[in-house]
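The next block holds one structure in the form of structure tokens; read it before the comments.
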Amino acid sequence: MPEKLLSRFSRASFTLPHLRFLSPQSSLSLRSLHNFIAPTSQKSPFTLSRSVAAATAMDSSSSTPCKLVLCGKSSAENEIAKSLMNNNTLKLPDNVQVSTLLHSEIINKQQRQDEESFCIERFMNSLSTNQFGRLLIWSPILPSTHDVVSNNFGELPIGTVCVADVQYKGRGRSKNVWESPAGCLMFSFTIQMEDGRVVPLLQYVVSLAVTEAIKDVCDKNGLPRIDVRIKWPNDLYLNGLKVGGILSTSTYKSKKFNVSTGIGLNVDNEKPTTCLNAVLRELSAAACTLRREDIVAAFLNKFENFYDLFINGGFRTLEELYYKTWLHSGQRVIIQEKNENQVVENVVTIQGLTSSGYLLAIGEDNQMCELHPDGNSFDFFKGLVRRKLE
């Protein structure tokens with residue numbers, strides 16, 4: 001696959017000539033989330049608290065080490081965690097200091113976590129995978145979970161997952177930086193692939209696994225299903241509002257693609273749009289709420305299953321379920337194209353995805369076409385380039 005095409009997909013750096021919907025669409029504006037990360041001073045010095053760490057979150061010059069807690073599903077992964085700690089292996093960019101410790105040490109020293117922090121035991125008890133998530137890196141606060149896995153890719157077992165309670169330099173498309181508040185599920189994990197032709201489709205498998213994992217957690221807890229939908233290519237929407245997104249980046253080394261995938265999902269933070277638990281409260285009088293640990297474990301369980309189907313049978317094994325979950329089947333869009341000195345508007349109807357992962361559409365002249373992002377617009381559906389298919 002040409003490097004340019006791979007980069008546009010795997011780095012989620014595409015954008016869609018000017019296109020607009022024929023039906024109204026809600027959009028998410030960029031907002032600062034500084035106000036949602038509030039420090040608390042009433043904590044024990046032995047508490048691993050995201051709130052205390054958040055006091056210096058916005059101070060990039062702070063010399064406070066970034067705390068990484070390692071835990072394995074089995075003794076084999078715990079031995080790897082021990083080696084990573086003893087050798088001081090894990091590094092972060094921008095000379096951010098790192099302090100690594102084992103989850104077992106926290107238990108032995110009777111250090112306690114903030115009640116709102118990610119519960120490692122609950123996550124491990126819910127995890128049933130053979131590969132993904134079996135080595136966990138948790139931090140109360142990080143610049144970016146994506147930086148942890150991507151910068152240490154070669155030192156970590158494939159499938160390692162990193163979770164943070166708060167992150168303040170989260171990565172988005174086109175190098176956008178996102179601050180993520182407490183209550184948001186933020187995690188990244190590693191994948192290794194050999195066939196570059198299917199790397200662009202991986203983000204669709206991830207998106208689908210997120211939506212299905214949420215349904216699984218709701219079913220397990222006897223709660224109404226929350227209908228999270230996929231907005232192509234990598235956003236998650238609920239009731240017309242964005243509640244999550246996926247970012248995948250890749251490098252090519254030794255004939256393999258090293259892919260780092262990050263997910264952000266509003267679970268218990270109603271700002272700046274809405275969150276899963278806010279919608280759940282509207283649907284059910286039960287006091288039960290969704291927990292981040294359950295969702296990320298359910299995601300990894302579901303993703304491992306979907307990934308096996310994807311690698312062995314191609315994306316077609318998941319297409320039917322994907323189209324039931326995304327927002328675009330039969331959607332009519334207007335593409336603005338230049339014809340000499342004039343801008344011509346053409347209406348096309350989305351049919352699905354092409355084999356390379358772009359949008360497949362049909363024009364009013366019954367000509368099939370492939371829609372590409374233009375690389376300039378923040379919203380993918382504000383710019384699409386049409387390429388006619390033979």
Side-chain angles (χ1 to χ4, degrees), residues 43-54 56-57 62-114 116-127 129-170 185-192 251 253 258 260-262 292-293 296-297 300:
K43 293 290 179 182
S44 162
F46 296 102
T47 299
L48 296 180
S49 168
R50 65 182 179 186
S51 300
V52 172
T56 56
S62 172
S63 59
T64 304
C66 181
K67 191 171 296 182
L68 301 178
V69 179
L70 310 182
C71 183
K73 175 72 173 176
S74 70
S75 58
E77 288 88 21
N78 278 319
E79 283 301 311
I80 295 173
K82 186 176 180 180
S83 176
L84 291 171
M85 183 191 70
N86 290 339
N87 295 318
N88 195 27
T89 302
L90 301 181
K91 308 295 181 184
L92 286 174
D94 302 323
N95 297 317
V96 174
Q97 296 184 48
V98 174
S99 172
T100 308
L101 63 157
L102 302 179
H103 180 241
S104 56
E105 291 181 344
I106 299 174
I107 298 174
N108 294 336
K109 294 180 180 179
Q110 295 185 333
Q111 291 179 321
R112 69 180 188 275
Q113 291 177 239
D114 187 332
E116 294 183 348
S117 291
F118 190 86
C119 181
I120 295 175
E121 294 92 342
R122 187 181 181 109
F123 164 75
M124 286 298 177
N125 289 337
S126 300
L127 188 71
T129 60
N130 293 318
Q131 180 179 33
F132 293 102
R134 295 183 64 87
L135 178 62
L136 168 71
I137 304 171
W138 169 77
S139 178
I141 186 165
L142 272 178
S144 165
T145 61
H146 207 89
D147 284 345
V148 173
V149 298
S150 61
N151 281 269
N152 298 283
F153 195 102
E155 310 298 333
L156 299 171
I158 300 303
T160 296
V161 62
C162 178
V163 181
D165 289 338
V166 172
Q167 68 176 15
Y168 55 95
K169 287 186 180 178
L185 172 59
M186 297 152 289
F187 67 100
S188 300
F189 67 106
T190 62
I191 313 159
Q192 195 167 65
T251 58
K253 185 177 181 180
N258 297 331
S260 302
T261 295
R292 293 176 300 139
E293 303 91 336
V296 67
L300 292 164

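Residue indices begin at 1 and follow the sequence shown.
The distance from the OG atom of S139 to the CD atom of Q167 is 10.0 Å, given to the nearest 0.5 Å. To the nearest 0.5 Å, atoms OG (S126) and CD (E121) are separated by 11.5 Å. Rounding to the nearest 0.5 Å gives a distance of 10.5 Å between CZ of F189 and NE2 of H146. Rounding to the nearest 0.5 Å gives a distance of 12.0 Å between CG of N125 and CD1 of I120.
Smallest separation of non-hydrogen atoms from D165 and P140: CB-O, 3.3 Å. Scanning both residues, L127 and G133, for their nearest heavy atoms gives CD2-O, 3.3 Å. For the pair T160 and L156, the tightest heavy-atom approach, listed with the atom from each and the gap, is OG1-CB, 3.7 Å.
Take N87 and apply the side-chain contact (heavy atoms from CB on, under 4.5 Å) test, not counting sequence neighbours, and it matches S83, T89. Looking at residues two or more places apart in sequence or on another chain, you find a side chain to side chain donor-acceptor pair (under 3.5 Å) between T145 and S188. Annotation: side-chain contact (heavy atoms from CB on, under 4.5 Å) contacts of I80 (sequence neighbours excluded): L84, L135, P157. Remark: S74 engages A76, E77, R134 in a side-chain contact (heavy atoms from CB on, under 4.5 Å) (not counting sequence neighbours). K253 meets the side-chain contact (heavy atoms from CB on, under 4.5 Å) test with N258; sequence neighbours excluded. Scored by the side chain to side chain donor-acceptor pair (under 3.5 Å) test, T261 finds S248 as partners (sequence neighbours excluded).
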### Query
When you look at I158 and F153, which way does the side-chain contact (heavy atoms from CB on, under 4.5 Å) test go after all the steps?
CA-CA 8 Å; I158 300 303; F153 195 102; 3.7 Å; yes
### Task
Assess whether side-chain contact (heavy atoms from CB on, under 4.5 Å) is satisfied between L70 and L90, documenting all intermediate values.
CA-CA 11 Å; L70 310 182; L90 301 181; 4.0 Å; yes
### Message
The test is side-chain contact (heavy atoms from CB on, under 4.5 Å); show your working for C162 and L142 and say whether it passes.
### Response
CA-CA 10 Å; C162 178; L142 272 178; 3.7 Å; yes
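A 4.5 Å side-chain heavy-atom check between D94 and P143 finds every atom pair outside the cut-off. N78 places none of its side-chain heavy atoms less than 4.5 Å from the side chain of L102. With contacts defined as side-chain heavy-atom distances shorter than 4.5 Å, the pair W138/H103 does not qualify.
Ring planes of F118 and F123: tilted class, angle from 30 to 60°.
Of the possible donor and acceptor atoms, one in the side chain of E293 sits under 3.5 Å from a partner among the backbone N and O of C119. Put simply, the side chain of S260 never gets that close to the backbone of T190: no donor and acceptor are under 3.5 Å apart. Judged purely by atom type and a 3.5 angstrom limit, N151 has no side-chain atom pairing as donor or acceptor with the backbone of K91.
Around NZ of K82, the count of heavy atoms belonging to other residues, nucleotides or ligands within 6.0 Å does not exceed 12.
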